[in-house]
Amino acid sequence: EKLYNLRAVGSGYGPLIYSLSSDAGFHELSKHCSAVWKVLQTNHELPTLLDGCMEHLDWYKHIKQNIGSVEQSSFKQLEHIQSHGQYSVSSAAKRSFSRVQIQDVVQLNILPEDAYAIKRQYTLDELRDLESRLILVTSQEAKNRKDVDQFIHTLHSICCIGEVLVELQ
């Protein structure tokens, strides 16, 4: 509900928030105010929603900070995977009573950068989680869009190979 209210306030007061330049004159300000007045005539709750948003300002800042943190860690993981990652699609040891699944045959190994680094492995579920986070935090214009698209394409290709291997077992 808090995010819905913030979106409604942003849309309603948008002409003043997003469209008004800092060097605007009186006539331009008046034009943008008229647009906001039209919105206020149809949505009488907008001032109340704005007050509610102001009460939750700290919560919005916390959410923004967490999203930024997720974005940064996701892009760091992506960069590390692209520079040191090695996908592995291999035949899984057969279990006596269960069918082999794609999670059993696909993984990503991060090769150590030096002799003291620890080897890291990503399971398919962890890779899919990273894929979801990257999709959520990457806009169409983002500078990392090409890298994200390459990661997604590679992961999907590896999964296709893994599914063929599972079917063959």
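Since the model is a prediction, treat every value here as computed from it, not as a measurement.
Within the model, atoms CD of Glu55 and CG of Leu50 stand 10.5 Å from one another, a figure rounded to the nearest 0.5 Å. Rounding to the nearest 0.5 angstrom, the gap separating the OG1 atom in Thr154 from the NE2 atom in His156 is 10.0 Å. The distance from the CG atom of Leu78 to the CZ atom of Arg133 is 10.5 Å, given to the nearest 0.5 Å. Here the SG atom belonging to Cys33 is positioned 12.0 Å from the NZ atom belonging to Lys31, to the nearest 0.5 angstrom. A distance of 11.0 Å separates NE2 in His80 from NZ in Lys76, rounded to the nearest 0.5 Å. Put simply, CG on Asn144 and CD on Glu71 are 8.0 Å apart, with the number rounded to the nearest 0.5 Å.
Remark: Leu111 engages Gln86 in a side-chain contact (heavy atoms from CB on, under 4.5 Å) (not counting sequence neighbours). Under the side chain to side chain donor-acceptor pair (under 3.5 Å) criterion, Ser21 pairs with Asp23, not counting sequence neighbours.
Across all non-hydrogen atoms, the minimal contact from Gly85 to Ile110 is CA-CD1, 3.9 Å. Between Asp104 and Arg99, the shortest heavy-atom contact is OD2-O, 4.3 Å. Of all the heavy atoms in Gly52 and His56, the pair that sits closest is O-CD2, 2.8 Å. Nearest heavy-atom pair across Ala8 and Leu49 is CB-CD1, 4.0 Å. Considering every non-hydrogen atom in both Gln77 and Tyr122, the closest pair reads NE2-OH, 3.2 Å. Of all the heavy atoms in Val9 and Cys53, the pair that sits closest is CG2-SG, 3.9 Å.
Cluster annotation: Val106 is not connected to Leu168 through the hydrophobic network of ILVMFWY side chains, with a link wherever side-chain heavy atoms come within less than 4.5 Å. In the hydrophobic clustering of this structure, Ile17 does not group with Met54; members are Ile, Leu, Val, Met, Phe, Trp, Tyr whose side-chain heavy atoms approach within less than 4.5 Å, directly or through other members. Linking Ile, Leu, Val, Met, Phe, Trp and Tyr residues whenever their side-chain heavy atoms come within less than 4.5 Å places Ile135 and Ile158 in a single cluster. Linking ILVMFWY side-chain heavy atoms closer than 4.5 Å, directly or via other members, places Leu29 and Val39 in a single hydrophobic cluster. Linking ILVMFWY side-chain heavy atoms closer than 4.5 Å, directly or via other members, places Tyr87 and Ile152 in a single hydrophobic cluster.
Paired with Glu126 under the rule side-chain contact (heavy atoms from CB on, under 4.5 Å), one option of Asp129, Thr123, Leu130 passes, and it is Thr123.
Within the 3.5 Å criterion, the main-chain N or O of Leu16 finds no donor-acceptor partner in the side chain of Ser19. The backbone N or O of Phe26 sits nowhere less than 3.5 Å from a side-chain atom of Ser30 that would complete a donor-acceptor pair. Here the side chain of Glu131 pairs no donor or acceptor atom with the backbone of Leu155 at under 3.5 angstrom.
Put simply, the side chain of Leu127 reaches to within 4.5 Å of the side chain of Phe151, judged on heavy atoms. When side chains are defined from C-beta on, Tyr13 counts as touching Pro47, because their heavy atoms get closer than 4.5 Å. Two residues are said to be in side-chain contact when any heavy atoms from C-beta on lie closer than 4.5 Å; His153 and Asp149 fail this criterion.
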